[in-house]
Amino acid sequence: LEYGKGVAHRASVEWRFTMEKYSRVFRERIVMSVLVLVTAVGFAIGCAHRDVKKAQLDPQAQPLIEIQNLEKQLAEQQNSQLDVMAPAQFAKAKKYLKEAKADYEKGEDRSDVLDSIAWSKAYADKVQTVGERVKGQLEPVATARQAAMTVRAHELLPRGFRNADDDLRDLSDDLVDDPRDMDLDDVNRLQTAYLNLELDAIKKAKLSEAQTIIEKAVDQRAQRYVPQTLMRARTQYAAAEKVIENERHNDTEVNQAAEKATAEARDLAQVLALARQSKNDAPESAALKLFNQSRSLQSVESTAAALQADVTQQQQALAQQGQEISNLAKTVDLDTALKSAQAKFSEDEAEVTRQGDKLMIRLKAIQFPTNSSDFAPSSLGTLKKVKDVIAELDAEKVIIEGHTDSTGGPQINKQLSEKRAEAVKQYLVVDDVIASDKVETVGVGFDRPISSNKTAEGRAQNRRVDLVISPQSM
């Protein structure tokens with residue numbers, strides 16, 4: 001029994017020792033695995049930001065403003081083609097900007113938003129420096145690509161343009177890593193690809209209508225009904241293609257050739273429609289005869305319309321000239337009336353001037369005592385001359401403005417100036433030289449002096465009446 005207990009005890013001790021040994025080894029392996037994983041993650045993060053240092057932002061920077069500035073910067077880089085010259089860096093800049101916008105819109109912690117913005121800005125700055133260098137190395141390609149974009153090749157031929165851009169990004173990535181890794185064959189191939197895209201885009205933009213019409217005509221058996229008309233349309237189309245291939249940047253030549261091709265294609269469509277309706281044994285000849293007759297009629301109608309347009313234009317020009325002559329005549333008549341009115345008054349009585357299409361008479365001899373609206377009998381001679389001017393002009397309207405000096409308050413002077421204007425009005429309308437409803441009185445008060453109110457002489461000049469006379473239309 002004692003022997004058995006001893007054996008069992010030794011077995012138990014050995015078992016615990018063995019388990020502790022393997023447990024220690026297991027723990028060590030777990031720790032090593034964790035260390036390896038942490039090291040790998042750190043290495044991956046380091047590689048992700050290789051050669052890029054996070055930008056330093058002002059701690060008080062406003063996230064929204066920084067996001068808007070970055071969006072503007074990336075848009076400008078894309079317009080400058082730097083997005084395809086430093087594609088990996090541009091993609092990182094966009095990625096971090098997208099994260100910053102998403103976090104900002106979700107209301108995430110401000111420091112997290114600014115962190116993404118800082119990385120986006122760092123990569124955007126890298127795009128600027130690296131992209132400009134690569135663009136300089138690939139200058140022929142960049143020029144050809146810009147020319148293709150100018151004629152909207154990226155919109156008209158999206159698949160071909162994307163394929164060329166993919167190849168350009170691959171080449172750019174190689175040059176970003178090693179500026180010496182430039183294959184001239186690849187450069188020439190890409191340049192040619194973009195030049196061909198430019199050419200094909202111009203053809204599609206200028207000749208798509210003609211091409212569609214001709215293809216539709218062929219489907220409608222144009223070769224059977226109108227073979228000669230079809231040949232002319234195809235010949236003109238081929239000629240336009242040749243012009244575009246040889247003179248792609250000569251807009252005048254290209255547009256003229258394209259217009260001719262389109263016009264010939266439209267003629268084909270009309271002649272074909274007539275020929276298909278014809279029961280004649282020679283449908284094309286019959287259709288062309290009808291077509292030419294229709295075109296002649298259209299030409300006559302077009303000529304008539306052009307002549308009518310010319311007549312209308314000439315009538316408008318004559319009407320304008322008549323109006324100008326009428327205005328000139330009015331000016332001459334008004335100048336004559338001005339001279340006649342000026343001749344009636346002495347320099348001490350009144351000053352007569354022209355204000356546009358009106359005459360203004362500033363009465364100097366009609367003066368009023370302070371705080372009075374009564375004018376002296378000696379003023380009647382001057383007022384009689386005013387009546388004569390109004391009669392000669394057959395005045396349509398007369399505005400009488402009463403003015404005062406600065407003695408007294410504004411309200412009193414306003415009322416006084418109205419009374420002075422009214423007094424002159426009553427004199428002018430008494431014998432129906434002008435109807436009362438054509439005369440308007442205005443009390444100006446002391447707001448528009450013509451002399452200083454600091455002297456008795458100046459105040460006397462300011463106590464006056466001005467008449468603005470509108471003659472009947474001449």
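Note that the coordinates shown come from a computational prediction; the quantities given were computed from them, not determined experimentally.
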Trace of the salt bridge (charged side-chain N to carboxylate O under 4.0 Å, His left out) decision for Arg169 with Asp166: CA-CA 5 Å; Arg169 289 188 183 94; Asp166 288 341; 3.4 Å; yes

Shortest non-hydrogen contact from [X] to [Y]?
X	Y	result
Val113	Glu108	CG2-O, 4.3 Å
Val389	Ile469	CG1-CD1, 4.2 Å
Ala210	Ala261	CB-O, 3.9 Å
Leu338	Val352	CD1-CG1, 3.7 Å
Leu334	Gly356	CD2-O, 3.6 Å

Would you say the side chain of Thr143 lies within less than 4.5 Å of the side chain of Gln191, judging by non-hydrogen atoms? no

Got Gln78 and Lys94 here, is their nearest side-chain heavy-atom distance under 4.5 Å? no

Do Gln270 and Arg266 pass the side-chain hydrogen bond (donor to acceptor under 3.5 Å, both in side chains) test, and can you show the C-alpha distance, the side-chain angles, and the key distance before you say yes or no? CA-CA 6 Å; Gln270 294 183 47; Arg266 290 172 180 169; over 6 Å; no

For Thr212, what residues pass the side chain to side chain donor-acceptor pair (under 3.5 Å) criterion, not counting sequence neighbours? none

Can you name the side chain to side chain donor-acceptor pair (under 3.5 Å) partners of Arg110, sequence neighbours left out? none

Which residue pairs satisfy the salt bridge (Lys or Arg N to Asp or Glu O under 4.0 Å) criterion with at least one member in residues 150-161, sequence neighbours excluded? Arg152-Glu155

With a 4.0 Å cut-off on N to O distance, would you call [X] and [Y] a salt bridge?
X	Y	answer
Glu99	Lys95	yes
Asp200	Lys204	no
Lys121	Glu66	no
Lys385	Asp388	no
Asp167	Arg189	yes

Rounded to the nearest 0.5 Å, what separates atom [atom1] in [X] from atom [atom2] in [Y]?
X	Y	atom1	atom2	answer
Glu105	Leu64	CD	CG	9.5 Å
Glu401	Leu467	CD	CG	8.5 Å
Arg133	Met85	CZ	CE	12.0 Å

If you draw a 6.0 Å radius around [atom1] in [X], do more than 12 non-hydrogen atoms from other residues or ligands fall strictly inside?
X	atom1	value
Lys344	NZ	yes
Tyr104	OH	no
Lys387	NZ	yes

Please evaluate residues Leu197 and Leu156 with respect to the criterion side-chain contact (heavy atoms from CB on, under 4.5 Å), reporting the C-alpha separation (whole Å), side-chain torsions for both, the decisive distance (0.1 Å), and the verdict. CA-CA 9 Å; Leu197 283 167; Leu156 298 172; over 6 Å; no

Would Ile244 and Leu199 count as a side-chain contact (heavy atoms from CB on, under 4.5 Å) if you check the C-alpha gap in whole Å, the side-chain angles of each, and the deciding distance to 0.1 Å? CA-CA 7 Å; Ile244 292 174; Leu199 183 63; 3.7 Å; yes

Mind running side-chain hydrogen bond (donor to acceptor under 3.5 Å, both in side chains) on Tyr194 and Asp165 for me, showing each step along the way? CA-CA 9 Å; Tyr194 284 119; Asp165 272 1; 2.5 Å; yes

Short question: side chain of [X], backbone of [Y] - any donor-acceptor pair under 3.5 Å?
X	Y	result
Ser452	Lys454	yes
Ser172	Val84	yes
Ser340	Thr336	no
Gln355	Met360	no
Asp466	Arg362	no

Residues passing the ring-ring contact (aromatic ring centres under 6.0 Å, His included) test with Phe345, sequence neighbours excluded, are none

Using the rule given for side-chain contact (heavy atoms from CB on, under 4.5 Å), can you reason through Glu71 versus Ile67, listing the C-alpha separation, both sets of side-chain angles and the distance that settles it, and then say yes or no? CA-CA 6 Å; Glu71 288 177 331; Ile67 288 173; 4.1 Å; yes

Taking His403 as the fixed residue, which of Arg420, Arg463, Arg464 is the one that meets the side chain to side chain donor-acceptor pair (under 3.5 Å) rule? Arg464

On the 0 to 90° scale, with breaks at 30° and 60°, tag the Tyr123-Tyr96 ring pair as parallel, tilted or perpendicular. parallel

Tell me, which pairs form a side-chain hydrogen bond (donor to acceptor under 3.5 Å, both in side chains) where one or both residues lie in residues 409-418, sequence neighbours left out? Thr404-Asn413

Hydrogens and angles aside, do Thr252 and Gln256 bring a side-chain donor and acceptor to less than 3.5 Å of each other? no

Is there any ring pair (Phe, Tyr, Trp, His ring centres under 6.0 Å) pair reaching into residues 426-451, and which pairs are they, with sequence neighbours excluded? none

Ile213 and Lys216: side-chain contact (heavy atoms from CB on, under 4.5 Å), yes or no, with the steps? CA-CA 5 Å; Ile213 293 174; Lys216 184 177 179 180; 5.8 Å; no

